[in-house]
Amino acid sequence: MEAQNTFKKIRTLVAKIPKGKVATYGDIARLAGITDARVVGWAIRGNTDPKIPCQRVVKADGSVAENYGAADWREQKSRLLSEGVSFKAQKRVDLEKHRLIQNF
DNA sequence: AAAGTGACGCATT
DNA sequence: TAATGCGCCACTT
């Protein structure tokens, strides 16, 4: 509860992801000032608020997190599709096409 | 300060 | 593409 600073940054960054775009845990972590991608997951997990578009956060290979709280990955898929994000597979989004950060 | 835990990342198989 | 194993780093207790 002390490290809210880091979590808050992460949540803020996630909330800044534009509609129709996705970002990887690693990228967000870097933007938050850390090097570990897992921390990003905890930050969202502890605050599964409707304002946090955690559906736009995917793994480095574009696959969605299976442990999307109580909802399934299908939930994210539906939301992402509604935003215009294409899927290459049932669990993978088109990272090359919708990745927020490509040049790194 | 040390150990335990983890919504990951990457290299191999 | 999928599955497995190892490693890294930050957070909690």
Side-chain angles (χ1 to χ4, degrees):
Chain A
M1 295 234 272
E2 299 296 305
Q4 289 178 342
N5 203 2
T6 305
F7 283 176
K8 192 172 182 184
K9 273 198 274 191
I10 293 170
R11 282 193 264 127
T12 304
L13 288 165
V14 173
K16 279 180 184 166
I17 301 176
K19 186 173 159 193
K21 292 270 184 179
V22 295
T24 69
Y25 288 97
D27 287 346
I28 295 170
R30 241 169 123 154
L31 290 174
I34 57 181
T35 57
D36 196 324
R38 298 183 183 172
V39 183
V40 179
W42 317 339
I44 338 175
R45 189 195 84 162
N47 292 277
T48 54
D49 295 279
K51 301 303 249 176
I52 313 285
C54 33
Q55 65 257 35
R56 293 182 192 146
V57 184
V58 297
K59 298 195 195 180
D61 57 349
S63 56
V64 300
E66 301 175 16
N67 307 317
Y68 186 52
D72 285 309
W73 54 270
R74 292 174 261 203
E75 199 71 34
Q76 297 183 354
K77 193 175 85 174
S78 296
R79 292 181 188 173
L80 290 170
L81 286 172
S82 300
E83 297 181 356
V85 178
S86 323
F87 271 68
K88 300 194 98 174
Q90 289 220 314
K91 284 190 178 171
R92 289 175 88 182
V93 303
D94 195 333
L95 254 188
E96 299 295 296
K97 214 172 173 187
H98 302 286
R99 192 171 191 178
L100 182 64
I101 303 165
Q102 297 186 15
N103 192 355
F104 225 160

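Residue numbering restarts at 1 for every chain, and letters A, B, ... go by the order of the sequence lines.
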**Student:** Verify the cluster assignment for A/Ile101 and A/Val64: are they in a single hydrophobic cluster under the rule of side-chain heavy atoms below 4.5 Å apart?
**Tutor:**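 In one cluster with A/Ile101: A/Val64, no.
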
**Student:** Could you please name the option among C/dC11, C/dA10, B/dG9 that lies closest to any side-chain atom of A/Ala60?
**Tutor:** B/dG9

**Student:** What's the shortest heavy-atom distance between A/Tyr25 and A/Ile44, and which atoms?
**Tutor:** CE2-CD1, 4.3 Å

**Student:** Over all heavy atoms of both residues, which pair between A/Gly26 and A/Ala37 is shortest? Give the atoms and the distance, please.
**Tutor:**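 Closest heavy-atom pair between A/Gly26 and A/Ala37: N-CB, 3.7 Å.
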
**Student:** Between A/Ile34 (CD1) and C/dC9 (P), how many Å, whole number?
**Tutor:** 12 Å

**Student:** Expressed in angstrom and rounded to an integer, what is the separation of A/Phe7 atom CZ from C/dC9 atom C1'?
**Tutor:**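 Distance, rounded to whole Å: 12 Å.
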
**Student:** Whole angstrom is fine here: how far is it from CD1 in A/Ile10 over to P in C/dA10?
**Tutor:** 11 Å

**Student:** Write down the distance between CD (A/Glu75) and P (B/dA7), rounded to a whole number of angstrom.
**Tutor:** 19 Å

**Student:** If hydrophobic clusters are built from ILVMFWY residues whose side chains come within less than 4.5 Å, do A/Ile34 and A/Ile17 share one?
**Tutor:**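 Yes, one cluster joins them.
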
**Student:** Quick one: side-chain hydrogen bond (donor to acceptor under 3.5 Å, both in side chains) pairs with a partner in residues 9-21 of chain A, sequence neighbours left out?
**Tutor:** none

**Student:** Out of C/dA10, C/dA2, B/dA7, which nucleotide sits closest to the side chain of A/Tyr25?
**Tutor:**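 Closest nucleotide to the A/Tyr25 side chain: B/dA7.
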
**Student:** Round to a whole Å and report the spacing from CZ of A/Arg92 to P of B/dA7.
**Tutor:** 21 Å

**Student:** Please check if A/Leu95 and A/Val57 belong to a single hydrophobic cluster, counting links between Ile, Leu, Val, Met, Phe, Trp and Tyr side chain heavy atoms closer than 4.5 Å.
**Tutor:**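 Each belongs to a different hydrophobic cluster.
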
**Student:** Just to be sure I understand the rule, does A/Ala65 reach a base, reach only the sugar-phosphate, or reach nothing, if contact means heavy atoms closer than 4.0 Å?
**Tutor:** base

**Student:** Does A/Asp61 offer a backbone N or O that forms a donor-acceptor pair with the side chain of A/Arg92 under 3.5 Å?
**Tutor:** yes

**Student:** Please write out the pairs of protein N or O atoms and N or O atoms of nucleotides 2-6 of chain B separated by less than 3.5 Å, giving the distance to one decimal.
**Tutor:**
| residue | atom | partner | partner atom | Å |
| --- | --- | --- | --- | --- |
| B/dG6 | N1 | A/Arg38 | NH1 | 3.2 |
| B/dG6 | N2 | A/Asp36 | OD2 | 3.4 |
| B/dG6 | N3 | A/Arg38 | NH1 | 3.4 |

**Student:** OP1, OP2 of B/dC8 versus side-chain N and O of A/Thr24: anything below 4.0 Å?
**Tutor:**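 Checking B/dC8 against A/Thr24, no side-chain N or O comes under 4.0 Å of OP1 or OP2.
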
**Student:** Rounded to whole angstrom units, what separation is found between the CG atom of A/Asp61 and the P atom of C/dT1?
**Tutor:**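 Atom CG in A/Asp61 sits about 9 Å away from atom P in C/dT1.
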
**Student:** Of all the choices, C/dA10, B/dA7, B/dC8, which nucleotide is nearest to the side chain of A/Lys59 once you look at every atom?
**Tutor:**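 So the nucleotide nearest the side chain must be B/dC8.
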
**Student:** Rounded to the nearest Å, what distance is computed from the CZ atom of residue A/Arg30 to the P atom of nucleotide C/dC9?
**Tutor:**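 Those two atoms, CZ and P, are 13 Å apart.
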
**Student:** Using whole Å, what does the distance between atom P of nucleotide B/dC8 and atom NZ of A/Lys91 come to?
**Tutor:** 12 Å

